[in-house]
Amino acid sequence: GYRVSLQGNFFGCNYTYITFPEYNPRNHIKLDPPLNIQSNVTASKCQIWWSVPWYLTEILQYELQYKEYSMSWEAALNKTVPSSLPQIEIEATELRRGIAYVARVRCKVSEDEDSYHSQWSEWSQKTVFQREGEPKLSENMLNKRTLQFLFIPLSFGTLLYIFWNCKISSRYVKGQKGSPALTFPHRLLSFSHSTIFTMGILR
């Protein structure tokens, strides 16, 4: 260890002040922040990684901080990286769709390390990432849904047309042998065939 002292001359007299009687530089380290922080978002997670000098990788621990881009850092969430590897994953369920996020990371010597002790470094540069928005419907799904929505009003209109036709036809069959009661089932059967055909298209 070292002894750190402060010497000065006050009013013509020399004074020596012992600031640290036992000073060990290994216990007072402040590292540079991690470099080259990057991110990649997939459907299930967000991967974030960074770089540090290779000879420090096994003795460092990290803390990640992330937030919505529009929020202040006071509202940020903190995550402790579970290993000494310079990377971490955030589950997609922790991120809101269509919202931009920003993250940064800092490091220090691991508390499990006996030879060195340090305080947290400054925060690294930031990386911005965003989970994809709501999944878009395929063109086939859109066409199918459009047909489904159109089926109900078209069926209702067809049914009204049949009833109206039957009402008009009944005026002309009074003097004939046919009966309007027979005309309606015939038209309803035709409507049923049309409905079955339409349902086959929708499937």
Side-chain angles (χ1 to χ4, degrees), residues 29-113 116-160 194-203:
I29 298 173
K30 185 173 182 179
L31 300 167
D32 291 330
L35 303 172
N36 303 322
I37 182 170
Q38 300 180 60
S39 56
N40 180 57
V41 180
T42 65
S44 60
K45 60 190 174 182
C46 172
Q47 297 174 309
I48 301 175
W49 65 95
W50 54 89
S51 60
V52 294
W54 63 268
Y55 51 84
L56 296 176
T57 53
E58 295 183 358
I59 65 171
L60 296 184
Q61 69 181 68
Y62 306 95
E63 183 179 41
L64 180 83
Q65 195 173 62
Y66 71 98
K67 67 179 183 71
E68 293 184 15
Y69 193 87
S70 59
M71 291 185 175
S72 66
W73 284 108
E74 284 72 16
L77 298 175
N78 289 6
K79 275 185 173 291
T80 300
V81 181
S83 70
S84 60
L85 295 176
Q87 62 185 38
I88 193 173
E89 294 180 352
I90 302 175
E91 296 297 326
T93 54
E94 300 180 45
L95 307 174
R96 297 169 58 193
R97 289 186 182 273
I99 300 297
Y101 286 82
V102 60
R104 60 186 184 179
V105 67
R106 62 180 179 176
C107 65
K108 73 173 185 177
V109 176
S110 172
E111 295 178 357
D112 298 328
E113 181 63 36
Y116 301 93
H117 297 280
S118 74
Q119 56 182 304
W120 284 109
S121 71
E122 299 296 329
W123 290 105
S124 70
Q125 297 295 316
K126 297 177 283 290
T127 182
V128 179
F129 55 93
Q130 179 174 326
R131 184 183 177 189
E132 293 182 359
E134 294 296 335
K136 297 181 179 179
L137 294 175
S138 65
E139 184 176 350
N140 290 336
M141 286 294 295
L142 287 174
N143 291 338
K144 186 175 180 180
R145 289 197 173 187
T146 302
L147 289 175
Q148 287 175 342
F149 283 123
L150 290 176
F151 172 73
I152 295 176
L154 287 176
S155 300
F156 184 70
T158 304
L159 194 58
L160 285 178
S194 176
T195 302
I196 294 172
F197 177 73
T198 305
M199 291 298 293
I201 294 176
L202 292 178
R203 293 178 182 175

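By convention here, the first residue in the shown sequence is residue 1.
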Task: Results of salt bridge (Lys or Arg N to Asp or Glu O under 4.0 Å) for E111 - residues two or more places apart only - done: K108

TODO: Could you pull out all residues at least two apart from A76 that satisfy side chain to side chain contact (heavy atoms under 4.5 Å, CB included)?
DONE: Q65, K67, W73

TODO: Taking all heavy atoms of Q130 and all of I99, pick out the closest pair and write down the distance.
DONE: CG-O, 3.4 Å

- [ ] Taking all non-hydrogen atoms of both residues into account, name the closest pair between I37 and W50 and its distance.
- [x] CA-CB, 4.0 Å

TODO: Kindly compute the distance separating NZ (K45) from CG (L95), expressed to the nearest 0.5 Å.
DONE: 13.0 Å

Open item on the list: How close do C46 and V41 get, counting heavy atoms only, and between which atoms?
Closed with: SG-CG2, 3.9 Å

Task: F129: ring pair (Phe, Tyr, Trp, His ring centres under 6.0 Å) partners, not counting sequence neighbours - done: Y101

TODO: Check whether any side-chain N or O of S110 sits under 3.5 Å from a backbone N or O of Q61 as a donor-acceptor pair, and report yes or no.
DONE: no

TODO: Output every pair passing salt bridge (Lys or Arg N to Asp or Glu O under 4.0 Å) with a member in residues 46-62, not counting sequence neighbours, ordered by first then second residue.
DONE: none

Open item on the list: Just to verify, what does E113 make a salt bridge (Lys or Arg N to Asp or Glu O under 4.0 Å) with, not counting sequence neighbours?
Closed with: none

Task: Shortest non-hydrogen contact from V128 toward S39 - done: O-OG, 3.6 Å

- [ ] Please report the C-alpha distance between W49 and N40 in whole Å, then the side-chain angles of each, then the deciding distance to 0.1 Å, and finally whether the side chain to side chain contact (heavy atoms under 4.5 Å, CB included) criterion is met.
- [x] CA-CA 9 Å; W49 65 95; N40 180 57; 3.9 Å; yes

Task: For L35, side chain to side chain contact (heavy atoms under 4.5 Å, CB included) partners two or more places apart - done: S51

Open item on the list: To the closest 0.5 Å, what do you measure between OG1 (T42) and CD (E132)?
Closed with: 9.0 Å

Open item on the list: Looking at every non-hydrogen atom in both residues, tell me the closest pair between A103 and L64 and how far apart they are.
Closed with: CB-CD1, 4.2 Å

- [ ] Taking salt bridge (Lys or Arg N to Asp or Glu O under 4.0 Å) as the test, write out the residues that go with R106, two or more places apart.
- [x] E63

- [ ] Could I get the full list of side chain to side chain contact (heavy atoms under 4.5 Å, CB included) partners for S84, not counting sequence neighbours?
- [x] none

- [ ] Drop me the distance from Q47's CD to I90's CD1, to the nearest 0.5 angstrom.
- [x] 11.0 Å

Task: Partners meeting side chain to side chain donor-acceptor pair (under 3.5 Å) with S118 (sequence neighbours left out) - done: none

Task: Qualifying residues under side chain to side chain contact (heavy atoms under 4.5 Å, CB included), relative to Q125, sequence neighbours excluded - done: none

TODO: For E74, enumerate each residue passing the side chain to side chain donor-acceptor pair (under 3.5 Å) test, keeping only those at least two apart in sequence or located in another chain.
DONE: S72

- [ ] Could you pull out the closest heavy-atom pair between V109 and L31, with the gap in Å?
- [x] N-CD1, 4.1 Å

Open item on the list: Test of understanding: with ring pair (Phe, Tyr, Trp, His ring centres under 6.0 Å), list the residues that count as partners of Y66, not counting sequence neighbours.
Closed with: none

Open item on the list: Rounded to the nearest 0.5 Å, what separates atom CG in N36 from atom OG1 in T127?
Closed with: 11.0 Å

TODO: Flag yes if more than 12 heavy atoms outside E122 fall under 6.0 Å of its CD atom; otherwise flag no.
DONE: no

